[in-house]
Amino acid sequence: MKRRTFLKTFPAAAALAATAGIVPIAVAADGHGAQVIAAQKFKVGDMVVTAISDGYFNMPLDMLQGAGPDDIAALLRQGYQDPENFRAAVNAYLVQSGGENWLIDAGTGGVFGPSLGDVAEVLAALGVMPGDVSKLIVTHMHGDHIGGAIKDGAAMYPNAELVVTKADVDFWTSKDIQAQAPEQFRGGFDLAMGVIAAYQDRVRIVEGEADLAPGLVGRPMPGHTVGHQGVMLESGSDSLLIWGDVVHVAPVQMARPEVTIGFDTDQELAAKTRADAFASVVQSGQKIAGMHMPFPGVGFVEKAGDGFRFVPASWDYM
Ligand SMILES: [Zn+2]
């Protein structure tokens, strides 16, 4: 999505989206990147879930650990991806239920450059203004999930309760841990502290399998961060497990769950959590969604050879 064109089309687009449920098409002036709004709706029981693309980042593949560069390139090619240009999705999910808007993760807010930061604009185009969001539920406090929670230091969602796990808050707001962290990760602590400060008395800290909202339960999935959680949505007989950052590079980590990424706080635990999650959802047939699964990031996990593969969900006609 090209930001300038998007802004140009936005007021009319938002009005249409709000009244008639029509999603506009933004056509870039240079002819590239013409794209229907980067959102896809589907139902989970009575809930309407909208996958929202924040954009993408060029994943530095040398961040992957536990497989050599040739192996990684081969796995990406097997997944029909270009190893020279692997773009990792950054997704967020809006849950609409009982007249409420709950946002699960906020995207980057542009913290990581111009190929990202679209969540709030896509929401607006869908007719959901920042003040309409009553809960911002955070899977973990990394910049690509909380960067979009603030704008110029203030809460991006002025009426939202910020729901975060105790383990992540304790970790990412600790000056002691920040001082011991490698240089390149220290800014992430400042960002987390800024987000907590911006939401002040609207911060709700949860632990374990907490009720996050009616029908939404937190699922501790530690490793990627100490307090990393998935969010289980249940409505009627339908359900969806939004698993946050269980997977970053699907073609590699689905096939080889033991491959970790340098952003994992605890590599070993992250790999175990991933293996456990795969085993569980394969066995149950649970539908999943993931913040770095290829947009819209919703589908199923199947056993494939010694590893697994991701099967995207088919289009939901609602
Ligand atoms: Zn992430």
Side-chain angles (χ1 to χ4, degrees), residues 38 51-65 81 86-94 103-120 122 136-150 156 162-165 167-169 171-172 181-182 184-192 194-195 218-231 241-254 257 259-267 269-271 273-274 277 288-299 310:
I52 294 172
S53 173
D54 191 58
Y56 68 89
F57 63 96
N58 290 99
M59 175 68 81
L61 294 172
D62 58 3
M63 289 298 285
L64 291 170
Q65 295 169 21
Q81 298 280 336
F86 179 74
R87 290 172 166 183
V90 175
N91 308 327
Y93 296 90
L94 173 72
L103 183 61
I104 304 180
D105 287 353
T108 61
V111 171
F112 296 120
S115 71
L116 297 140
D118 293 340
V119 165
V122 174
L136 172 56
I137 296 167
V138 168
T139 60
H140 64 295
M141 299 198 82
H142 275 164
D144 51 324
H145 304 258
I146 60 166
I150 51 174
M156 178 72 209
L162 178 79
V163 184
V164 279
T165 65
D168 254 30
V169 173
F171 186 93
W172 293 103
Q184 71 267 33
F185 294 129
R186 282 185 207 154
F189 290 79
D190 291 332
L191 177 64
V195 168
R219 279 281 170 85
M221 300 181 107
H224 178 54
T225 64
V226 288
H228 179 266
Q229 68 173 346
V231 180
L241 173 63
I242 298 180
W243 74 17
D245 278 23
V246 163
V247 170
H248 291 85
V249 181
V252 175
Q253 291 175 301
M254 299 301 300
V259 175
T260 56
I261 195 152
F263 311 115
D264 292 334
T265 304
D266 183 334
Q267 312 268 324
L269 184 56
T273 291
R274 182 165 38 256
I288 63 97
M291 276 54 186
H292 301 299
M293 301 303 283
F295 185 78
V298 184
F310 177 60

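For ligands, and for the atoms within them, numbers begin at 1 and follow the listed sequence. Sequential numbering from 1 along the given sequence is applied to the chain's residues.
- Rounding to 10 degrees, one finds that the Zn ion (ligand 1) sits at the corner of an angle of 170° between Asp245 OD2 and Asp144 OD2.
- Here the side chain of His228 pairs no donor or acceptor atom with the backbone of His140 at under 3.5 angstrom.
- The Zn ion (ligand 1) has no N, O or S atom of His248 under 2.8 Å away, backbone or side chain.
- Residues satisfying the ring pair (Phe, Tyr, Trp, His ring centres under 6.0 Å) criterion with Trp172, sequence neighbours excluded, are His142, Phe189.
- Across all non-hydrogen atoms, the minimal contact from Val226 to Pro222 is O-CB, 3.5 Å.
- Looking at every heavy atom in both residues, Ala277 comes nearest to Val246 through CB-CG1, 4.3 Å.
- Residue His224: no N/O/S atom is found under 2.8 Å from the Zn ion (ligand 1).
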